[in-house]
Amino acid sequence: MHMYEGKIVSGREFFALLEESEDFCVMLGRVVLAAGRLEALICDVVESEKTDVDLSYATLGKLISHIRDSSVLKDLVMSLDMLKTQRNYLTHNIYQLLSDRIPETILEREGLLDSDVTTYISRARELADNLNHLSDMVARRN
């Protein structure tokens with residue numbers, strides 16, 4: 001376990017700390033697993049309504065589009081969109097954020113301390129929990 005000192009670090013130094021953090025990597029893995037579960041459960045619901053649709057390789061974004069065009073799960077679209085955005089940001093954009101290639105929006109970049117790794121771990125944990133909660137809601141409807 002890394003001992004944090006509360007010192008200011010650059011974005012790329014912070015990225016290296018995230019890579020070294022077993023706790024962050026575990027939480028990021030949980031986000032990916034939770035998102036995969038949610039996608040599969042949405043596929044089940046969409047396929048039960050639309051028998052002519054092939055969702056074998058559907059992304060979460062495409063699944064949300066199917067929901068918009070269907071009569072099921074419509075009340076979850078806003079939550080799904082929000083979690084999709086957060087998941088995409090966390091899984092695809094951290095390096096770009098910390099390299100000043102994209103604007104700071106969902107996660108912090110300015111004034112990072114080495115100890116902010118724990119904040120990123122908490123954010124990943126919260127996202128995994130939210131994805132799992134939404135999955136539970138979808139599963140109850142299927």
Side-chain angles (χ1 to χ4, degrees), residues 1-47 49-50 52-142:
M1 181 170 186
H2 191 276
M3 295 302 293
Y4 301 111
E5 301 169 11
K7 70 175 185 162
I8 295 174
V9 293
S10 71
R12 290 189 179 176
E13 288 172 317
F14 189 75
F15 184 84
L17 292 172
L18 290 175
E19 277 188 309
E20 293 171 7
S21 170
E22 187 172 321
D23 291 338
F24 177 75
C25 291
V26 165
M27 279 304 130
L28 189 57
R30 287 187 181 167
V31 166
V32 171
L33 291 173
R37 176 178 173 234
L38 178 59
E39 289 170 356
L41 291 168
I42 292 171
C43 283
D44 291 345
V45 172
V46 170
E47 287 173 337
E49 185 185 74
K50 295 179 172 186
D52 63 333
V53 64
D54 179 16
L55 300 175
S56 303
Y57 299 100
T59 63
L60 187 54
K62 288 186 182 191
L63 292 169
I64 293 169
S65 292
H66 282 292
I67 291 170
R68 280 191 180 96
D69 296 337
S70 74
S71 61
V72 295
L73 304 176
K74 281 193 176 292
D75 59 316
L76 299 181
V77 169
M78 285 180 56
S79 296
L80 287 165
D81 270 332
M82 179 185 67
L83 291 178
K84 175 191 66 123
T85 299
Q86 291 174 359
R87 187 274 320 254
N88 288 348
Y89 196 84
L90 188 65
T91 58
H92 300 298
N93 294 326
I94 290 178
Y95 188 79
Q96 292 202 66
L97 169 71
L98 297 172
S99 298
D100 292 330
R101 294 181 51 86
I102 61 172
E104 180 181 271
T105 55
I106 294 174
L107 292 170
E108 296 81 9
R109 172 181 60 217
E110 300 301 321
L112 287 171
L113 304 176
D114 61 353
S115 55
D116 286 326
V117 168
T118 58
T119 301
Y120 271 54
I121 293 167
S122 295
R123 293 284 185 83
R125 179 181 293 114
E126 182 179 323
L127 178 55
D129 290 348
N130 289 339
L131 288 163
N132 280 318
H133 178 69
L134 203 53
S135 290
D136 293 342
M137 292 173 69
V138 171
R140 283 193 294 274
R141 295 183 189 194
N142 194 14

If only atom types and distance count, is the side chain of E49 paired as donor or acceptor with the main-chain N or O of S70 below 3.5 Å?
no
Angle class for the F24/Y120 ring planes (parallel below 30°, perpendicular above 60°, tilted otherwise)?
tilted
Quick one: does any side-chain atom of Q96 pair with a main-chain N or O of I102 as donor and acceptor, under 3.5 Å?
no
With a cut-off of 6.0 Å (strictly less than), are more than 12 heavy atoms of other residues, nucleotides or ligands near CD1 of I106?
yes
Looking only at non-hydrogen atoms, find the nearest pair between A58 and K62 and report the distance.
CB-CB, 4.5 Å
Do you know which two heavy atoms are closest between V31 and L131, and how far apart they sit?
O-CD1, 3.7 Å
Taking every non-hydrogen atom, the tightest pair across G6 and S115:
CA-OG, 3.9 Å
Can you tell me how far CD1 of I8 sits from CG of L112, rounded to the nearest 0.5 angstrom?
9.5 Å
To the closest 0.5 Å, what do you measure between CG (D129) and CG (L134)?
12.5 Å
Can you give me the closest heavy-atom contact between L98 and E108, atom names plus distance?
CD2-O, 4.4 Å
What are the two closest non-hydrogen atoms of D114 and Y4, and how far apart are they?
O-CD2, 3.2 Å
Let's go through K84 and L63 carefully: what are the C-alpha distance in whole Å and the side-chain angles of both, what is the deciding distance for side chain to side chain contact (heavy atoms under 4.5 Å, CB included) to 0.1 Å, and is it a yes or a no?
CA-CA 11 Å; K84 175 191 66 123; L63 292 169; over 6 Å; no
From CG (L18) to CD1 (I121), nearest 0.5 Å
8.0 Å
K7 side chain to L113 main-chain N or O, any donor-acceptor pair under 3.5 Å?
no
Once you round to the nearest 0.5 Å, how far does CG of N93 lie from OG1 of T105?
8.0 Å
Charged N to carboxylate O under 4.0 angstrom, R125 versus D23?
no
Identify all side-chain donor-acceptor contacts of residues 37-44 below 3.5 Å with residues at least two apart in sequence or on another chain.
| from | atom 1 | to | atom 2 | distance (Å) |
| --- | --- | --- | --- | --- |
| R37 | NH1 | N132 | OD1 | 3.3 |
| R37 | NH1 | D136 | OD1 | 3.3 |
| R37 | NH2 | D136 | OD1 | 2.7 |
| E39 | OE2 | R87 | NH1 | 3.2 |

Which pair of heavy atoms, one from V117 and one from F14, lies closest together, and at what distance?
N-CE1, 3.4 Å
4.5 Å side-chain heavy-atom contact, L76 and M137:
yes
Results of ring pair (Phe, Tyr, Trp, His ring centres under 6.0 Å) for Y89 - residues two or more places apart only:
none
Spatial distance of atom OG1 (T85) from atom CG (L90) [nearest 0.5 Å]
12.5 Å
Between atom CZ of R12 and atom OG of S10, what is the distance when rounded to the nearest 0.5 Å?
8.5 Å
